[in-house]
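By convention here, the first residue in the shown sequence is residue 1.
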Amino acid sequence: QVQLVESGGGLVQPGGSLRLSCAASGSIGSRNVMGWYRQAPGKQRELVATITTSGNTNYANPVKGRFTISRDNAKNTVYLQMNSLKPEDTAVYYCNVLTLGSKMVAYWGQGTQVTVSS
């Protein structure tokens with residue numbers, strides 16, 4: 001059974017930085033996509049960024065140039081470095097792993113709150 005454990009959320013002032021981490025335990029296969037999504041109050045969950053096993057990245061337009069996703073394949077861990085944070089970045093951030101084996105399976109973390117406020 002795959003479990004995702006997130007850490008690094010919190011309260012930060014506008015313009016500040018935070019780094020989120022998500023460690024996956026269990027078998028996620030040699031080919032997968034790890035990513036971050038977020039959900040603000042009253043809104044739908046939305047993509048933030050994804051990264052493939054080979055390091056190809058994809059970012060949502062609102063975070064391009066401010067957020068950086070990276071991963072450590074040896075540790076099955078994905079990171080999200082968030083810089084120049086804005087109040088509109090406030091949301092619960094969820095880690096996601098999509099396995100790309102014979103059967104595609106999506107796993108979700110429990111979520112970590114990020115609040116950007118002065």
Gap between atom OH of Tyr37 and atom OG1 of Thr50 - 0.5 Å precision: 6.5 Å

Full working for side chain to side chain contact (heavy atoms under 4.5 Å, CB included) between Cys95 and Trp108: CA-CA 6 Å; Cys95 176; Trp108 292 93; over 6 Å; no

ILVMFWY cluster, Ile28 and Leu100 together (side-chain gap under 4.5 Å): no

Under 3.5 Å donor-acceptor, Asn73 side chain and Thr53 backbone: yes

Minimal non-hydrogen separation, Gln110 against Val5, with atom names: OE1-CA, 4.2 Å

Exercise: identify the closest heavy-atom pair between Val63 and Val48: CG2-O, 3.6 Å

pair Val12-Ser17: side-chain heavy atoms closer than 4.5 Å: no

Min side-chain heavy-atom separation Val114-Leu20 under 4.5 Å: yes

Expected output: side-chain Thr112 to main-chain Tyr93 donor-acceptor under 3.5 Å: no

Closest approach of Asn83 to Gln81 (non-hydrogen atoms, all atoms of both residues): OD1-NE2, 2.9 Å

N/O donor-acceptor pair under 3.5 Å between Tyr107 side chain and Gln1 backbone: no

Reported CZ-to-CZ distance for the pair Arg38 and Arg45, which is rounded to 0.5 angstrom: 13.0 Å

Non-hydrogen atoms of Met34 and Asn76 that approach each other most closely: CE-O, 3.7 Å

Closest non-hydrogen atom pair between Leu4 and Ala24, with its separation: CD2-CB, 3.4 Å

Ser21 side-chain N/O to Ser7 backbone N/O, donor-acceptor pair under 3.5 Å: no

Check: Leu85 and Phe67 side chains under 4.5 Å, non-hydrogen atoms: yes

Result of checking Thr77, Thr57, Asn32 against Arg71 for side-chain hydrogen bond (donor to acceptor under 3.5 Å, both in side chains): Asn32

Nearest-0.5 Å distance, CG of residue Asn58 to NZ of residue Lys64: 7.0 Å

Exercise: identify the closest heavy-atom pair between Ile51 and Ser70: CD1-CA, 3.9 Å

Exceeds 12 heavy-atom contacts within 6.0 angstrom, atom CD of Gln113: yes

Donor-acceptor under 3.5 Å (Glu6 side chain, Cys22 main chain): no

Whether over 12 other heavy atoms sit under 6.0 Å from Gln44 CD: no

Residues clustered with Tyr79, ILVMFWY side-chain links under 4.5 angstrom: none

Partners passing side chain to side chain donor-acceptor pair (under 3.5 Å) against Thr52 (at least two apart in sequence or in another chain): Ser54

ILVMFWY cluster, Val2 and Val78 together (side-chain gap under 4.5 Å): yes

Cluster link Val92 to Leu47, ILVMFWY, side chain under 4.5 Å: yes

ILVMFWY cluster, Val33 and Tyr94 together (side-chain gap under 4.5 Å): no

Residues in salt bridge (charged side-chain N to carboxylate O under 4.0 Å, His left out) contact with Arg66, at least two apart in sequence or another chain: Asp89

